[in-house]
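Reviewing the structure listed below.
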Amino acid sequence: MFDEQEQVIRYKWDSWTGSGYRLRYDAADQAHSYHVEDCSNHVVMDDYGCSDLDEALLVLNRFFSIDESAERNRIANWLPHQRLQ
């Protein structure tokens, strides 16, 4: 689920508790521009800073099974193309 207001893509998200995982892009953090965040009750419990999209997809795949090709396409629609390279 993509949240335009917060600029994140949410995974396994429970809206009622504000818990699950989310992928956030941070252009200011060039070393770790992708962040996979584990949230519980709207609080970030763990933040996995990833240097690129491939690393972020590996982290997400550790927590649950994702179709990496489908996710890459979905994320490409979310982010400008130049950020994916």
Side-chain angles (χ1 to χ4, degrees):
M1 172 172 65
F2 175 64
D3 184 328
E4 285 188 48
Q5 186 175 9
E6 291 188 35
Q7 294 294 303
V8 297
I9 295 179
R10 293 185 173 146
Y11 300 87
K12 300 279 184 178
W13 192 260
D14 179 358
S15 297
W16 189 71
T17 63
S19 300
Y21 297 90
R22 64 187 185 185
L23 175 64
R24 180 176 57 84
Y25 182 81
D26 182 359
D29 186 355
Q30 293 181 358
H32 301 101
S33 54
Y34 293 89
H35 293 264
V36 176
E37 299 170 330
D38 178 3
C39 302
S40 182
N41 294 314
H42 301 284
V43 175
V44 175
M45 304 304 286
D46 287 308
D47 179 353
Y48 304 88
C50 303
S51 59
D52 58 26
L53 182 57
D54 291 328
E55 187 178 350
L57 292 173
L58 284 173
V59 170
L60 286 168
N61 216 14
R62 273 192 273 164
F63 297 115
F64 44 88
S65 181
I66 61 171
D67 179 338
E68 290 185 29
S69 177
E71 274 312 298
R72 187 175 301 282
N73 288 335
R74 187 164 82 121
I75 292 167
N77 291 327
W78 173 48
L79 292 174
H81 179 70
Q82 66 270 17
R83 293 183 187 169
L84 295 177
Q85 298 178 359

Taking the six-membered ring of F63 as reference, does the cationic atom of K12 (NZ for Lys, CZ for Arg) lie under 6.0 Å from its centre and within 45° of its axis? no

Report whether V43 and V8 are members of the same hydrophobic cluster (ILVMFWY, side-chain heavy atoms less than 4.5 Å apart, transitive linking). no

Apply side chain to side chain contact (heavy atoms under 4.5 Å, CB included) to D54 and R72, showing your working. CA-CA 9 Å; D54 291 328; R72 187 175 301 282; 2.4 Å; yes

Are side-chain heavy atoms of L60 and E71 found at a separation under 4.5 Å? no

What distance do S40 atom OG and D14 atom CG have between them, rounded to the nearest 0.5 Å? 10.0 Å

Kindly compute the distance separating CG (L53) from OG (S33), expressed to the nearest 0.5 Å. 9.0 Å

Working to the nearest 0.5 angstrom, can you tell me the gap between L23 CG and E37 CD? 8.5 Å

How long is the span from the CH2 atom in W13 to the OG atom in S19, to the nearest 0.5 Å? 6.5 Å

As an exercise, state the distance from CG of N61 to CD1 of I66, rounded to the nearest 0.5 Å. 5.0 Å

Taking all heavy atoms of H32 and all of G49, pick out the closest pair and write down the distance. CD2-O, 3.4 Å

Over all atoms of both residues, closest heavy-atom pair of L57 and E68: CD1-O, 4.1 Å

Indicate if M45 and V36 have the same hydrophobic cluster label, given that clusters are the connected sets of ILVMFWY residues with side-chain heavy-atom separations under 4.5 angstrom. no

When you compare the side chain of Y34 with that of V59, does any pair of heavy atoms fall below 4.5 Å? no

Straight-line distance of C50 SG to H35 NE2, nearest 0.5 Å: 8.0 Å

